[in-house]
Colleague: 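Just passing along the structure, written as structure tokens.
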Amino acid sequence: MLRLEPRLQPSRPMRLITPVLAVLLTMLFGGLLFAALGVDPVEAIKLIFWDPFFHPTYGAYSMSQLLVKAGPLILIAVGLSIGFRAGVWNIGAEGQFIMGAISGGAVGLALYPAAGIWVLPLMTVAAALGGFLWAMIPALLKIKFNANEILVSLMLVYVAENFLAAMVTGPLQNPQGFGFPESRSFTGVDSTTLPMLYQPLGMHAGVVVAFIVVIAAYVMMERHLLGFQIKLTGESPRAAKFAGVKPAVIVAITLGISGALAGMAGLFELTGPAGKLTTNFPVGYGFTAIIVAFLGRLNPFGIVLAGILMALTYIGGELTQLTLGMPAAAISVFQGMMLFFLLAVDVFVNYRLVWKKEVK
Amino acid sequence: MSEPLLSIEGLSKAYPGVQANDNVSFTIQPGEIHALLGENGAGKSTLVKMIYGLVRPDSGDMHLHGKHYMPHKPSEARALGVGMVFQHFSLFEAMNVAENITLGMEDAPPRLELAQKIREVSNAYGLPLDPDRLIGDLSVGERQRVEIVRCLLQNPKLLIMDEPTSVLTPQEVDTLFTTLRKLSAEGVAILYISHKLDEIKALCGSATILRMGKVVDTCIPAEETAHSMAEMMIGGELAMPSAREFTPGEVLLELDGLALASLDPFGTSLENVSLQLRAGEVLGVGGVAGNGQDELLLALSGERLVDKDMVKLKGVGIGSLGPTARRALGLLAAPEERLGHAAAPDMSLSENGFLSGWVRMKLTKSGFVRRGRRDDFARDIVSRFDVRTPGISNAARSLSGGNLQKFVIGREVLQGPTVLVVNQPTWGVDASAAAAIRQALRDLAAEGAAVLVISQDLDELMEMSDSFAVLAEGHISKPQPAHGLSIEKIGLMMGGNLEESAHA
Amino acid sequence: MDFSSLSLVALTVSLIGAATPILLAAIGELVVEKSGVLNLGVEGMMIIGAIAGFAISVETGSVWTGMLAAMAAGAVLALIFGFLTQVLLSNQVATGLALTLFGLGLAALLGQNYTGMKPPPSPRLDIPVLSDLPVVGPLLFGHDFMIYFSLLIVFAVWYFLNRTRAGLVLRAVGENHDAAHSLGYNVVAIRMAAIAFGGALAGLGGAYLSLIRVPQWTEGMTAGAGWIALAIVVFASWKPGRVILGAYLFGGVTILQLNLQALGISISPAFLSMTPYLVTIIVLVIMSADRRRASLNAPASLGRIFHASH
């Protein structure tokens with residue numbers, strides 16, 4: 001009989017192998033899904049994973065989208081991963097992303113059309129603060145009232161979406177916009193436009209911030225007392241209390257960090273690719289970042305790779321839509337599959353399969 | 001000799017890294033009280049789980065009443081007349097007695113009829129039970145009754161009891177023995193697992209001794225001394241801790257009317273706990289589990305905060321300080337549960353050393369971990385306390401219970417505490433590790449620290465303590481010199497009769 | 001402002017309609033959680049149920065077949081979750097989230113050709129005379145059959161959990177899986193059954209949304225209903241009867257804010273649309289605040305991973 005037997009130690013090689021295995025399994029089963037949709041699976045997989053880099057016609061444009069898409073995913077996922085390691089499940093990053101964009105955007109609109117290089121940093125700070133405060137709601141409700149942060153942060157996504165709708169039809173609506181439910185364009189004015197640093201890869205200033213955050217997160221988690229306390233809280237809450245870690249502080253810090261980072265990601269999206277606030281502004285980065293965080297093994301550098309991979313699936317998804325007529329939703333199924341397979345093969349990190357004979 | 005009730009023939013079972021049972025054979029006669037004797041980790045629990053159908057052996061065979069017997073699951077074992085009372089009870093706290101009993105029966109009668117039967121059987125064997133009470137509200141001794149009555153309702157031919165007395169007061173032990181002798185007289189065989197030699201001498205007609213998964217000896221307990229059986233069990237001489245003169249120094253720790261409400265819905269709140277602990281003193285706190293032991297440790301470690309002056313260290317009120325501040329001042333603790341409380345299971349030994357050691361051992365610099373010093377500290381614990389492990393990067397859960405406990409105690413002792421509080425320091429630990437831990441704690445006291453040992457093992461407390469107190473229903477008795485205390489008196493104290501003992 | 005169009009009877013009737021999908025999903029999740037498993041994928045299973053029920057009804061012309069298909073689809077999705085968490089021992093929180101993300105994507109994919117269609121009509125319980133009684137008629141006898149069915153299910157769950165041996169075993173598994181295992185119960189199999197049941201009811205709740213309440217298919221149409229169902233289980237302290245109370249309370253808030261929007265009062269409709277979510281948060285806070293009681297009612301093994309060590 002086949003049985004799972006616990007390993008004495010978590011397997012290090014398996015930690016590295018399982019994400020790769022998950023991606024391969026996703027390609028296989030995703031291919032089957034594509035075939036079922038009447039799309040040539042080999043062609044589709046090639047479009048997603050190969051052509052964005054190497055295709056003679058689409059390649060250049062695809063590459064310029066790579067970091068544009070990966071940047072916000074990485075920034076949000078790094079924040080989420082810190083919380084996940086502490087066992088604090090912020091799944092409302094989408095809401096914090098929206099609130100960051102609204103608060104940063106509001107500052108920008110209040111100053112409109114001021115020039116000056118200080119405008120964008122100020123907006124970024126406001127966005128981080130907006131996301132932070134939005135995340136403090138579930139944090140405080142958890143600390144004070146023991147309310148489940150998963151449900152509260154998720155409910156606040158719907159509240160934030162409605163708040164966005166109220167804003168773009170109210171205070172933040174473009175006065176010259178003929179009544180359309182949208183704000184002024186941020187990319188129309190230099191002072192509120194995110195600088196593009198390297199066009200061929202789509203590296204705008206926000207991506208640089210994301211990479212700095214990755215390094216800072218790594219140092220904090222691996223070298224600093226706070227990182228140790230965060231990991232300890234997630235591994236073993238009672239041992240953490242014994243070690244003198246205050247759970248409330250960890251909840252507030254981890255939710256606060258992830259909220260602030262998601263808020264910043266919102267602003268970078270607003271002042272870069274999106275350009276203005278509309279009700280279609282949120283595109284689900286806050287949810288996809290959950291997949292990115294897990295696929296990256298909750299490790300900042302792993303998240304960079306996972307973020308790029310996920311950006312590929314977005315870009316490749318658009319390519320398959322354009323060239324093969326594959327429906328857009330297929331790619332979110334593909335992304336969901338990837339998380340499923342990762343969770344499935346993860347068992348081999350802590351367990352091994354053994355064959356045991358039964359005694360009659 | 002008549003046909004044996006159960007014969008066990010060459011059972012073997014291996015787990016990753018351990019041979020839990022190695023070709024174990026013996027027989028049990030009807031109506032016999034048969035002891036299965038061995039140290040922690042000798043393989044007793046695995047063996048009885050195979051008899052009860054919870055674990056499948058790798059090889060070997062069994063016969064019950066001369067017929068092939070290899071239960072696939074406990075319900076098969078129960079159907080054939082084999083019942084078991086677990087060491088860690090298989091009970092459901094949020095459910096009542098009757099529901100718990102139903103769950104352990106194959107064809108339970110309807111509710112009212114069952115309640116009636118529970119009352120009948122429990123009274124007949126001197127173990128009265130109210131079928132409607134919630135398990136969570138029962139004492140440990142009452143919970144064990146539920147397990148026993150659950151077995152008795154199914155008319156067992158063989159009753160397996162795994163360490164039944166480890167959680168009972170001496171008076172409750174007497175009641176249990178009366179019940180077991182009555183069952184034996186009615187023809188029920190009992191397989192009695194214990195490492196308590198006096199009990200086995202008093203109760204059992206024959207004994208099988210396990211060491212490292214093998215049967216190493218058999219004996220008639222009545223014809224042996226406790227000492228001779230101990231040597232069979234350990235396979236060598238038992239090192240006894242050296243005797244020590246105790247001269248009490250200044251008061252280091254004072255509890256003054258300590259009160260703490262339990263957070264566990266079925267826990268016990270501490271009420272008005274007062275005591276003094278002096279330099280050089282080992283104070284043993286006995287009592288049955290669930291009488292406020294966990295709460296006392298939490299109140300001392302700083303995991304639960306109380307009023308400032310309820311806990312005083314060298315005369316300074318520290319009750320409102322958390323664990324880190326208390327450690328900095330010299331009050332250290334080692335909780336009962338090794339994995340998940342004292343240590344994080346999946347973290348390495350060096351991280352687990354850092355866990356409680358970073359303040360006093362100065363393992364950080366402006367918040368950043370000094371990794372060299374952190375690893376040195378872990379290595380120091382491993383070598384000074386003889387922790388058997390391939391290296392400090394191994395996860396805490398990869399260590400055996402005894403080795404991890406040595407690590408946990410060593411981690412606190414090496415920080416040079418002023419006062420050290422330990423809860424169940426040798427629970428589930430093999431004899432040599434237990435002896436080493438007790439010696440380390442006594443050495444610590446000899447160097448001028450004060451040690452508070454919370455334990456349910458009376459022998460351990462008698463061996464280690466200079467003074468002794470009992471925690472019962474959240475109250476503590478007045479500490480008295482450990483010398484000259486009789487087991488009867490301690491038993492009365494444990495039963496909650498604190499007044500009488502305090503005046504005695 | 002004119003409040004006269006707000007008929008109390010009509011409001012009550014529509015609040016029951018708004019509450020029923022959540023009621024179905026919540027009572028299913030309650031059983032799952034009673035067995036000690038936390039499945040956060042309710043939203044994903046609901047939306048899969050919504051599209052499966054809708055598509056099959058349209059294709060077969062039978063609402064009944066659609067409902068059955070929705071239950072099957074929800075159960076299949078739930079069993080993926082069950083396989084991952086019970087056999088492969090994955091983290092329940094992460095796997096539940098994955099289920100929701102996957103379900104939303106898959107539903108969107110399956111539903112792309114069904115947008116804007118109308119489902120076949122569903123039968124209503126119209127009893128001559130009784131249904132025409134004033135007040136009592138519409139309140140008691142004027143609903144679609146699913147509403148009666150949902151109340152029946154709640155009663156059946158209560159009866160199962162509190163009056164049958166199988167229900168006792170299920171609660172025991174959720175209370176202490178190690179003890180249940182040592183008594184010889186198959187923890188994994190029992191939990192798988194509970195998970196499948198929860199999935200089937202979540203799927204049915206979704207189908208009620210797309211076939212009866214709305215009735216049409218739009219992407220993301222569950223709009224957080226699955227998450228609200230999870231909150232209602234907490235609100236109900238894991239007691240079936242109180243799930244009805246929670247669901248109807250939520251239905252009431254939804255209907256009230258919709259009617260206020262229709263009345264065109266001066267608050268922005270976006271702010272009114274927030275209220276169901278805000279009320280959910282408030283309810284959650286109130287119910288969680290008493291930690292001692294919350295920990296007494298919650299199944300003690302909820303969300304913990306079970307692996308028989310031998």
Colleague: Let me know if C:L84 has heavy atoms under 4.5 Å from chain A in its side chain, its backbone, both or neither.
Modeller: side chain
Colleague: For the atom pair CD1 (C:I80) and OG1 (C:T85), what is the distance rounded to the nearest 0.5 Å?
Modeller: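 Rounded to the nearest 0.5 Å, the CD1-OG1 separation comes to 11.5 Å.
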Colleague: Of the backbone (N, CA, C, O) and the side chain (C-beta and beyond), which part of C:L110 lies under 4.5 Å from a heavy atom of chain A, both, or neither?
Modeller: neither
Colleague: In terms of heavy-atom pairs under 4.5 Å, which option from C:S90, C:A94, C:A231 contacts chain A the most?
Modeller: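 Ranked by contacts with chain A, first place is C:A94.
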Colleague: With only heavy atoms counted, which part of C:T280 is less than 4.5 Å from chain A, the side chain, the backbone, both or neither?
Modeller: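 The side chain, not the backbone.
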Colleague: Looking at A:R15, I'd like to know if its CZ atom is crowded, meaning that more than 12 non-hydrogen atoms belonging to other residues, nucleotides or ligands lie closer than 6.0 Å.
Modeller: no
Colleague: Against chain C, work out which of A:A165, A:A147, A:S332 has the most heavy-atom pairs shorter than 4.5 Å and name it.
Modeller: A:A147
Colleague: By a 4.5 Å heavy-atom criterion (distance strictly below it), what part of C:L40 contacts chain A: side chain, backbone, both, or neither?
Modeller: side chain
Colleague: So for C:S273, is it side chain, backbone, both, or neither that comes closer than 4.5 Å to the heavy atoms of chain A?
Modeller: both
Colleague: Suppose we call two aromatic rings close when their centres sit under 6.0 Å apart. Are A:F341 and A:F29 close by that rule?
Modeller: yes
Colleague: Is chain C contacted by the side chain of A:L342, its backbone, both, or neither, given a heavy-atom distance below 4.5 Å?
Modeller: neither
Colleague: Between the side chains of A:D346 and A:R297, is the shortest nitrogen-to-carboxylate-oxygen separation below 4.0 Å, so that they form an ion pair?
Modeller: yes
Colleague: In terms of heavy-atom proximity below 4.5 Å to chain C, should A:L33 be classed as side chain, backbone, both, or neither?
Modeller: side chain
Colleague: Can you confirm whether the side chains of C:E59 and C:Y114 place a donor and an acceptor under 3.5 Å from each other?
Modeller: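 There is such a pair between these side chains.
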Colleague: Examine the side chains of C:E43 and C:T222 and answer whether a donor and an acceptor come within less than 3.5 Å of each other.
Modeller: yes
Colleague: At a heavy-atom separation under 4.5 Å, does A:L141 approach chain C through its side chain, its backbone, both, or neither?
Modeller: side chain
Colleague: Contact part of C:V285 toward chain A, heavy-atom cut-off under 4.5 Å: side chain, backbone, both or neither?
Modeller: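 When you check distances to chain A, atoms from both the backbone and side chain of C:V285 fall under 4.5 Å.
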Colleague: Given that the side chain runs from C-beta out, which part of A:F287 has a heavy atom under 4.5 Å from chain C: side chain, backbone, both or neither?
Modeller: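 Both the backbone and the side chain of A:F287 come within 4.5 Å of chain C.
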Colleague: Taking atom NZ as the centre, does A:K241 end up with more than 12 heavy-atom neighbours from other residues, nucleotides or ligands that are less than 6.0 angstrom away?
Modeller: no
Colleague: For A:N90 and A:Q96, does a side-chain donor sit closer than 3.5 Å to a side-chain acceptor?
Modeller: yes
